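Please read all numbers here as calculations on a predicted model, not as lab measurements. Start at 1 and go down the list; that is how both ligands and their atoms are numbered. Both backbone and side-chain heavy atoms feed into the values below; hydrogens, waters and symmetry mates do not.
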Amino acid sequence: MTSADLVVAGCRELLTGGGGLPKRGRALGDVGLVENGWVASSKGVIVYAGNEDGFMAGVVPEPGAATVDGRGLVALPGFVDAHTHLPFAGDRAREFGLRIRGWTYQQLAERGMGIQTTVKATRAASLDDLVALSLKRLDRMLLGGTTTVEAKSGYGLNLEDETKQLEALRDAAALHPVDVVPTFMGAHEVPPEYRDKREDYIGLLIETIIPEVKKRGLAEFFDIFSEPGVFSIEETRRLVEAAKAAGFRIKVHADEFVSQGGAELAAEVGAVSAEHLIAVSDEGIARLAASDTAAVLLPGVSFFLMMTKRAPARRLIDAGAVVALATDFNPGSSHLCSMPFVLQLGVFTLGMTVEEAINACTGNAAYAVRRHETVGSLEPGKKMDVLLCDVPDHVSLAYEAGRNPVRTVIKNGKVVVEDGRRVAAG
Ligand code: NIG
Ligand code: FE
């Protein structure tokens, strides 16, 4: 018998997401559904997930153990948001107004707006400002069921302001239950002061900023915006090789608008993930499918930029690639941070089934940030990160479009959201 200090009892549907991660092809459609499901944990670690009989036969609640009533609710693993640009300052509401009137994202960028607008605001912000903004956003994410989030720098574009963004992530993470996976993205854009000497900025990244961020232990991943007009494929290769040599794991913003072989390169260099992929080539799909590089799709971008073109989720899944979904939360191309909404966009705009979208927001997303050993599914030994959703069945997670169905969030075995509200810390 195993003892437990927390029991989630009698869920109408429990989606364990078990059966091995990552999930490819047909396996992506298996959410590990258990009717009348029970989950139990001890000291924040799952000791049991399964049906009632198994629970009664194998688990003894400790005296004083807490019980959460799952009757009538759907339980699933906490969402992993595998791609966000969380610690930015300012907003781009004015530019959004221009886009509504017909300007494109690229036209704004060419006129010194877009990412550069946010670079100005982020450089002007203090560390404390960025911590406060990050904490507010982490709260909002948690209410939508995000229990692990990847977060990138990339609006500082110099040593001081990139490290300020990463320090803000570190400080916010220490004050908040959501787990934060930090990514250094100094190669998000060439800053204005290096516009006519981009080679110098690449040199600064390789010789100074990459080694310094590594030395200070501020980030686990290195990410780069590989796109014609931002960083070319040759520049991407050089920067990725330098970051790998420094000890970073690699992510690549690849083929967002135009394919320049970013997906192919990501697979070739053993990147953990290639992100966006709206314009991925047939060859890129084949290379990803044959690799361990996750395809992280960001349907909020096509939605938010009002594009008709979408990432070929169906073809990537059918080819056997590891497909995950994420928000890309940022002020320009995807100003949204709700994983329930992204799950719904996966179904409504990318042609995924509800089951595929659920796994893409949980287990495969955990794989895309290399946290699949500890989160992403409800199995003994993993963190007790559980969502309880007020829907009649898991299909309604998408069917009730536009709704946040998350009522209760358990993070590391603690109830942190109850009845849709943040439980006071303490
Ligand atoms: O993932 N593609 C590059 N970076 C972000 C957008 C950043 C911004 O517009 O501020 C993205 O889409
Ligand atoms: Fe992004």
Picking from Y105, F329, F96, F341, what satisfies ring pair (Phe, Tyr, Trp, His ring centres under 6.0 Å) with F304? F96
Lys/Arg-Asp/Glu bridge criterion (N-O < 4.0 Å) met for R216, E212: yes
Contacting atoms of ligand 1, where contact means under 4.0 angstrom from a heavy atom of R92: 8 (C), 9 (O), 10 (O)
Under a 4.0 Å heavy-atom limit, does E227 contact ligand 1 with its side chain, its backbone, both, or neither? neither
Cation over ring, K244 on F222, under 6.0 Å and within 45°? no
ring-ring contact (aromatic ring centres under 6.0 Å, His included) involving F221 - partner list, sequence neighbours excluded: none
So if I apply the side-chain contact (heavy atoms from CB on, under 4.5 Å) rule between E356 and each of I317, D30, N364, which one comes out positive? I317
Under 3.5 Å donor-acceptor pairs involving side-chain atoms of residues 184-192, not counting sequence neighbours:
from: H188; atom 1: ND1; to: G154; atom 2: O; distance (Å): 3.0
from: E189; atom 1: OE1; to: R195; atom 2: NH2; distance (Å): 3.2

Closest protein heavy atom to atom 6 (C) of ligand 1, given as residue, atom name and distance to 0.1 Å: Y105 OH, 3.1 Å
Do F257 and I278 have side chains that get closer than 4.5 Å, going by heavy atoms? no
Quick check: E256 and ligand 1, any N/O pair under 3.5 Å apart? yes
So is F88 close enough to ligand 1, meaning a heavy atom under 4.0 angstrom away? no
With side-chain contact (heavy atoms from CB on, under 4.5 Å) as the test, would you mind laying out the steps for K382 and T374 before giving the verdict? CA-CA 5 Å; K382 287 193 159 182; T374 50; 5.7 Å; no
Give a yes or no on whether the backbone of I202 and the side-chain of Y194 come within a donor-acceptor separation of less than 3.5 Å. no
Heavy-atom contact check, 4.0 Å cutoff: does E189 meet ligand 1? no
Please write down residue, atom name and distance for the protein heavy atom closest to atom 12 (O) of ligand 1. S333 OG, 2.6 Å
Measure the distance from atom 11 (C) of ligand 1 to every protein heavy atom, then report the residue, atom name and distance (to 0.1 Å) of the closest one. D328 OD2, 3.1 Å
With heavy atoms of G332 as the reference, note each atom of ligand 1 found under 4.0 Å away. 9 (O)
Side chains of R94 and M113, heavy atoms from C-beta outward: is any pair under 4.5 Å? yes
Could you tell me, atom by atom, which parts of ligand 1 come under 4.0 Å of a heavy atom of I115? 7 (C), 8 (C), 9 (O), 10 (O)
How far apart are the C-alpha atoms of S396 and D393, what are their side-chain angles, what is the distance that settles it, and do they pass the side-chain contact (heavy atoms from CB on, under 4.5 Å) test? CA-CA 6 Å; S396 298; D393 51 49; 2.9 Å; yes
The protein heavy atom nearest to atom 7 (C) of ligand 1 is Y155 OH, 3.2 Å
For residues 111-137, which residue pairs pass the ring pair (Phe, Tyr, Trp, His ring centres under 6.0 Å) check, not counting sequence neighbours? none
Heavy-atom contact under 4.0 Å between T118 and ligand 1? no
What lies under 2.8 Å from the Fe ion (ligand 2), restricted to protein N/O/S atoms, is H83 NE2, H85 NE2, H253 NE2, D328 OD1
Against heavy atoms of H276, which atoms of ligand 1 measure under 4.0 Å? 1 (O), 2 (N), 11 (C), 12 (O)
Out of H335, H188, E275, who is nearest to atom 4 (N) of ligand 1 when you count heavy atoms only? H188
So that I can tick it off, tell me whether D171 and K164 are bridged by a salt bridge, with the cut-off set at under 4.0 angstrom between side-chain N and carboxylate O. no
In ligand 1, which numbered atoms sit nearer than 4.0 Å to a non-hydrogen atom of H83? 1 (O)
